[in-house]
Protein chains: 2
Amino acid sequence: MEHEPGQPPVRNLPPAKEAAGAAPRRKQQVSMADVAKLAGVSSQTVSRVSNGSPDVIESTRRQVIAAMNELGYRPNSAARALKRGSFRTIGVITFSLSSLGNMRTLEAIALHAARQDFAITLIPVTAPTQAGIQGAFSRMGELAVDAVIAIMEVHLLDAATVTLPPGVKVVVVDSDAGEQYSVVDTDQADGARKAVRHLLDLGHETVWHVAGPEESFASERRAAAWRTTLTDAGKAVPPVLRGDWSADSGYEAGLRLADEPGCTAVFAANDHMALGLLRAFREKGKAVPEDVSLVGFDDVPEASSYAPPLTTVHQNFADVGNQCVDNVLQQIRTNTTEPGITLVPTQLVVRNSTAPPKH
Amino acid sequence: MEHEPGQPPVRNLPPAKEAAGAAPRRKQQVSMADVAKLAGVSSQTVSRVSNGSPDVIESTRRQVIAAMNELGYRPNSAARALKRGSFRTIGVITFSLSSLGNMRTLEAIALHAARQDFAITLIPVTAPTQAGIQGAFSRMGELAVDAVIAIMEVHLLDAATVTLPPGVKVVVVDSDAGEQYSVVDTDQADGARKAVRHLLDLGHETVWHVAGPEESFASERRAAAWRTTLTDAGKAVPPVLRGDWSADSGYEAGLRLADEPGCTAVFAANDHMALGLLRAFREKGKAVPEDVSLVGFDDVPEASSYAPPLTTVHQNFADVGNQCVDNVLQQIRTNTTEPGITLVPTQLVVRNSTAPPKH
DNA sequence: TTTGTGTATGTTTGCGCAAACATGATTGGT
DNA sequence: ACCAATCATGTTTGCGCAAACATACACAAA
């Protein structure tokens with residue numbers, strides 16, 4: 001078993017770390033030990049400084065910090081996580097990011113979490129099926145996140161079938177899982193009520209509704225509130241039209257509504273469908289708001305540039321995101337799970353698409 | 001070294017782990033050792049099975065897998081990362097998610113990365129300043145990501161001032177850092193050229209341009225291509241109007257353009273500004289496309305519902321995202337850094353907002 | 001037989017950090 | 001003066017995993 005001297009495979013020994021120009025084995029991560037050596041203290045003291053322990057005298061702390069800066073030390077989060085059993089990471093499960101609301105919410109979550117020094121790991125659900133969701137939650141498990149925020153918009157979170165590691169806190173956005181989990185959501189019902197009341201207060205006999213898809217919680221809640229607001233006011237409840245949130249589906253619905261003689265007021269479940277309705281009314285020669293009044297939902301930034309500028313219900317997505325993070329961090333801190341629903345209020349923004357009916 | 005037969009190596013006593021009803025210290029993570037004990041093998045064999053090593057005989061593998069399932073074993077990614085120096089994680093730095101393009105790109109990145117078994121960590125830039133970006137990159141360092149995808153849209157990535165851990169691969173979206181980093185971007189110039197050519201081919205004398213903000217790379221590239229396409233065609237180059245991407249700013253620009261007598265064709269740098277232009281033209285009594293033709297950029301889903309449906313340049317954000325991930329994974333695999341630019345083509349979508357000029 | 005060549009598995013080790021404990025240096029109270 | 005109670009800091013240990021190395025056994029070629 002000889003091996004030629006002078007040849008590289010000298011493995012048995014890890015020594016000679018600082019041998020001449022030693023090749024950096026891995027990303028030459030600067031470790032606590034390096035900082036400790038430079039600062040002339042023990043690595044534990046470096047750890048203490050790094051974690052802001054009060055038990056370090058000021059002069060020592062300064063030395064250590066100087067050494068850290070000189071070497072460009074960054075604590076290794078893997079080791080930290082291994083030791084502490086926590087990554088300070090929140091997993092966010094999303095279905096689809098292509099809706100404005102989800103994105104805004106996600107952005108707020110990321111920003112707010114960063115402020116509290118938590119990182120965000122994005123877990124997209126690859127397919128909107130139970131299996132897809134299972135997969136997402138299972139990946140969460142491997143990633144050892146401290147908490148999960150699920151941005152669900154469809155009826156797929158059957159809690160019974162999802163198993164997460166114990167101790168992981170969950171907050172769900174836009175769901176009806178309030179019995180099991182913390183839920184944060186826009187106050188859809190109140191928003192819809194405001195929209196319908198606004199139209200009724202203008203003097204309309206009743207209000208038609210173009211709803212979103214049935215699988216959507218938000219859509220169902222808006223539709224339900226529309227219905228009860230009408231019945232509470234003693235008004236007739238016209239049949240519901242259904243779209244899929246897209247402007248095109250709103251256009252389809254608009255073509256039909258334009259032929260309804262008694263239709264003077266419409267509440268669309270989102271702004272994009274309202275845009276489609278506007279187009280349909282325009283093509284059919286129905287003036288908005290003179291012939292038909294229209295209210296949307298969301299208050300997308302372009303809503304004020306629609307023709308005419310759209311009266312709509314403003315959602316505070318940023319608040320929703322912030323609430324999610326606060327809620328989840330609260331659960332982590334207190335190590336409790338607190339089911340319940342947090343509702344974020346909406347505002348009615350009145351622009352030019354609504355007016356009293358002609359007589 | 002002798003060790004007593006019959007007794008497990010009871011050295012310093014981490015005492016009585018399975019003592020009566022021992023409180024689960026942490027989240028009772030099932031570890032390899034637990035699986036190994038149940039399966040009657042060494043933990044190294046469990047590791048091999050877990051990593052799909054071929055050196056495990058089929059019967060053993062099955063036993064181990066059975067044990068894993070029984071205990072619900074999930075490899076601990078912290079330990080794995082600590083050992084391997086890699087989390088299989090890509091950090092994504094974003095400025096703002098509120099633009100449609102960014103969020104589509106992000107979604108594609110997340111999905112594509114998940115397919116290759118990489119996780120995504122979102123790092124929001126808290127403030128659009130050098131310091132903010134520094135902070136984001138520095139956080140990347142702590143998180144020990146394997147690669148970074150930066151979705152930048154403004155001139156702030158001054159590579160000289162950003163230090164990341166060596167070995168971390170970077171891809172930048174929408175930037176001109178092609179000398180230093182890999183850059184993936186929509187082919188802005190070609191898209192803009194197509195838009196302008198389309199209008200010129202319809203017979204317009206020249207094409208006006210409503211650009212985005214100067215800080216935006218995309219905006220600058222579209223404007224430059226607009227200019228060269230005009231000069232190459234021997235046409236006059238009208239003054240540039242500038243917006244901030246918002247529909248409102250497009251409206252402002254539109255009010256001014258409506259008063260330009262020679263203006264029969266406009267290229268707006270994005271669809272939202274085009275929407276604002278449409279509104280301004282409508283209010284000023286200019287018919288689109290009869291009096292003025294208009295082309296946008298982006299092809300937002302609602303563009304077909306604008307009044308009139310908008311001719312625009314379609315961007316393939318999903319392709320951009322996929323390219324980013326492919327590129328970065330390629331760099332990781334080959335451990336190379338390859339500066340250069342990858343351009344994703346666009347398509348001109350002709351709808352009803354463009355027509356030949358009246359004479 | 002011996003020797004080699006695999007192949008499947010076990011054992012040791014250390015990644016970087018921080019809890020737990022140990023030590024040594026100051027205080028202050030009596 | 002003494003001891004005890006603080007403090008600041010050092011030492012040891014192990015988190016869960018996988019690379020490196022060691023071993024044990026099977027089988028083929030000499």
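So you know, we letter chains A, B, ... as the sequences are listed, proteins then strands, and number each from 1. Scope of the values below: all heavy atoms of this structure, side chains included, with no hydrogens, waters or symmetry mates. All values derive from a computational prediction rather than experimental measurement.
- Heavy atoms of B:Ser31 sit under 4.0 angstrom from primed sugar atoms or phosphate atoms, though from no base atom.
- Judged by distance alone, with hydrogens and angles left aside, the side-chain atoms of A:Arg61 form no donor-acceptor pair with the main-chain N or O of A:Val49 at under 3.5 Å.
- Straight-line distance from the CZ atom of A:Arg84 to the P atom of C:dA20: 14 Å, rounded to whole Å.
- Residues B:Asn327 and B:Gln331 bring a donor and an acceptor atom of their side chains to less than 3.5 Å of each other.
- Rounded to whole Å, the distance from CZ on B:Arg80 to C1' on D:dA19 is 14 Å.
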Under 3.5 Å, which protein N or O atoms sit close to an N or O of nucleotides 21-28 of chain C? Give each pair with its distance.
none

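- Distance, A:Phe87 CZ to C:dC17 P: 14 Å, rounded to whole Å.
- Taking atom NZ of A:Lys83 as the reference point, atom C1' of D:dT13 lies 8 Å away to the nearest angstrom.
- Across all strands shown, B:Val46 has no heavy atoms under 4.0 Å from either base or sugar-phosphate atoms.
- The OH-P distance, from A:Tyr73 to C:dA18, rounds to 6 Å in whole Å.
- Note on A:Thr45: only backbone sugar-phosphate atoms sit closer than 4.0 angstrom, heavy atoms only; bases stay farther off.
- Checked by atom type and distance alone, the side chain of B:Asn76 pairs as donor or acceptor with a backbone atom of B:Ala78 at under 3.5 Å.
- Distance B:Leu82 CG to D:dA18 P: 11 Å, rounded to the nearest Å.
- When the side-chain contact (heavy atoms from CB on, under 4.5 Å) test is applied to B:Gln63, no partner is found at least two apart in sequence or on another chain.
- An OP1 or OP2 oxygen of D:dC15 is reached within less than 4.0 angstrom by no side-chain nitrogen or oxygen of B:Asn76.
- Here D:dT9 presents its C1' atom at 16 Å from CD of A:Glu58, a figure rounded to the nearest Å.
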Check the interface with nucleotides 6-8 of chain D: list each N/O to N/O pair with the protein under 3.5 Å, or write none.
none

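- Between the side chain of A:Ser182 and the backbone N or O of A:Glu338, at least one donor-acceptor pair lies under 3.5 Å.
- A distance-only check finds a donor-acceptor pair linking the side chain of A:Asp34 to the backbone of A:Ser31 [under 3.5 Å].
- Listed for the A:Arg88 side chain is a donor-acceptor partner under 3.5 Å among the backbone atoms of A:Gln116.
- Checking side-chain atoms of B:Thr89 against main-chain N and O of B:Phe87 turns up a donor-acceptor pair under 3.5 Å.
- Defined by atom type and a distance below 3.5 Å, a donor-acceptor pair is present between the side-chain atoms of B:Arg80 and B:Ser50.
- For the pair A:Met32 CE and C:dC15 P, the computed distance is 12 Å after rounding to whole Å.
- Residue B:Ala78 is the one, among B:Gln44 and B:Ala78, whose nearest nucleotide of DNA chain D lies closer to the 5' end (criterion: closest heavy atom).
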